[in-house]
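One structure below.
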Amino acid sequence: MNLLWLIPALPFFGGLLLVIFGSRFTKGISGAIGAGSVGLAALITLIVGYDFLSSGQDFYRHVAWNWFSVGDLSTSFAFYLDRLSLVFIFVITFVGFLIHIYSIGFMAHDEGFTRFFAYLNLFVCSMLILVLSDNLILLYLGWEGVGLCSYLLIGFWYEEEKNGYAARKAFITTRVGDTAMAAGLFILFWTLGTLNIQEILTKAPEVWAAGSAMVVLVGFLLLGGAVGKSAQLPLQTWLPDAMAGPSPVSALIHAATMVTAGVYLIARMHVIYELAPLAQLWVGIIGAVTLLIAGCSALTQFDLKRVLAYSTISQIGYMFLALGVGAWSAAIFHFMIHAFFKALLFLAAGAVIEALHHEHDMFKMGGLRKKMPAVFWTFLIGAGSLAALPFITAGFYSKDQILWYAFAGEKGNVWFFLAAIVGAFVTAIYTFRMVFVTFFGTEKTHISHPPGKLMTWPLLILAVLSLFGGFIELPHTLGHVTVFSDLLSPVLPETLLREGTESSEWGVQIAAMILGLFGVYLAYLFFIRKPQMTDELQSATRELHQFWYRGWDFDALYNVLFVRPFVFISTINKNDVIDKFYTMLVDLSTFFNKLFAQTQSGILRWYVMGIVGGAILIITITLITKT
Amino acid sequence: MNIIPFESGLMLAGILFMLGLISVLIRRNIIFMLISVEVMLNAAGLAFIVAGSRWAQPDGQVMFIFILTMAAAEVSVGLALILQIYHQLKTLDTDAANKMKG
């Protein structure tokens, strides 16, 4: 366990090496350093994880050094490993490693190969710091670190203006949430006098009564941070545009890890949310609304990656919903499974897009099933997991748990359940729409070359995980395996069920299964059997289609609400009012300068006259004041 | 012995100073201006001597020696400058040396 500090340190030094000496390395060495450092970190995670679990300790704390001490606040660069962070570092290092391997193949012909791996390593390091940190300040460092790397990687192909625009949009939008979170941290420190996470969790119930205004405020402010980072309503608009980055970036940052940082934050601060039922209820409401809105938008997109982006928003909505009903371990379970299958889907989509000369439009693809069988089968598995096909896919088990707790959990209710199950239905439709349109039908674009081994292997491994990852946690009705929730039970409280709901578990599952399969059938009907029906439906609901396509017009709304007024104010205040004072100073001194420059005539006798006049003046004044 | 009254000495110093000042102001030849400055300096020196004898203090004479020394130094620098001006402008008219006007 003493090796814990190496887990974030290795990617950090890998990134540092690439930044400093990167220009001298060949692509082979850069790739080896980039993937190798994360691979080593993954290996150490295994060793540390095994050590930790077999030792039976509740937590392991490693203080690297004292960061700073100001007044009462003493912040250490300390890593805190418990079972929750163990799950996260496992996913980050393993999925991260697979994505690094894939990237070696994907970016092979890119100019910025070394730069890419430097950013990617820095990102992994920041993300690990985020989940391993012992206090909220260090967590905030990681939080901003991943934000920065996200910005750098979205704008990775910076020659194109729209990529830079997307990067700035992502950065600024998440900054809105981060500001709320920072305010939350200030309040926490102000009232509790500490920012150490464990101390907060023990002190909070002593200081605050359940439901008191302050704790609700803190809950909402932290939720604000989580909403920004995890692209939930109302700050979700940045994620679809973030697809401007390379596909491995979308897989790692905008699907598997960074966007789930909000889920981690809320799960980590679960005591606060248990004290603030109102804030927790809103976590659930935001999750439920987001998953529906994003699901509907995903139905109408043409860009393969944008579908996946909206589906990510929607799936994180599920996690928020789970957090909102107090199904903590279900949320983390879905996070893990989602990381597997969504990374898989993004990587497979990246392989398709690269093979088709960077064609993003699904409707210009088609017929790829025969041409790229490995990609097709892995994509199909990922899609099955996303659509929660019953029994065989991991996504079924993780989503089923959320559906069940949304209905039967102590804080769940029928509305949450309805949102979740309608969301599941929509998910199945858009997922298989994607599969059918991309891989079936006639070939519309000729592929240039099939993906290499470096790109195929990570897909296969992730596909296996997306299939079998779910078997570590099975519901009561289907074998009742609880490896995962047992793992997390010392950290996160168990979810209590409402009275009299136990018997309905089968009903919930069957409803979910039927709706999921029906969704797949609908997609089949619309996109394989009778494609003309799609066009008819699309022209019949043109307005709605366009509305959903534009993401419920949130961009336009924010444009009117924030961007326009800001631009307006800055136009009328182009010559800053405050600046007026300073320009006046400048004008005044220029004026006097001109005036006095006239006296410098170059005639010596004038100067003498000046001196004499001055002397007489001074003497006169002295004489007058003396008497 | 007939003692010259204190006021007469100061009056003489004042008249000398004014004469020097007026000639600095009206002369255009730079050498004459320098000589006039010397006159003003000596007027100041005379005032010191007179004041020193009035209060029977040696300070006045000490100051006069200071002024003499300073005048010698000033004349050497001044004459060097005048030589340079003459080399550059081929004239001793101060109004011609107005190259640095604002």
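Throughout, protein chains are lettered first and strands after them, A, B, ... in sequence-line order, and every chain is numbered starting at 1.
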Check this for me: A/F171, atom CZ, are more than 12 non-hydrogen atoms of other residues, nucleotides or ligands nearer than 6.0 Å?
yes
Is B/F6 atom CZ crowded by more than 12 heavy atoms from other residues, nucleotides or ligands, each under 6.0 Å away?
yes
Nearest-0.5 Å distance, OG1 of residue B/T94 to OH of residue A/Y607:
11.0 Å
Answer yes or no: does atom CZ of B/F32 have more than 12 heavy-atom neighbours from other residues, nucleotides or ligands under 6.0 Å?
no
Mind listing the closest non-hydrogen atom pair of A/R605 and B/I26 along with its distance?
NH1-O, 3.7 Å
Just how far is it from atom CZ of B/R28 to atom CG of A/L604, taken to the nearest 0.5 Å?
12.0 Å
Flag yes if more than 12 heavy atoms outside A/F68 fall under 6.0 Å of its CZ atom; otherwise flag no.
yes
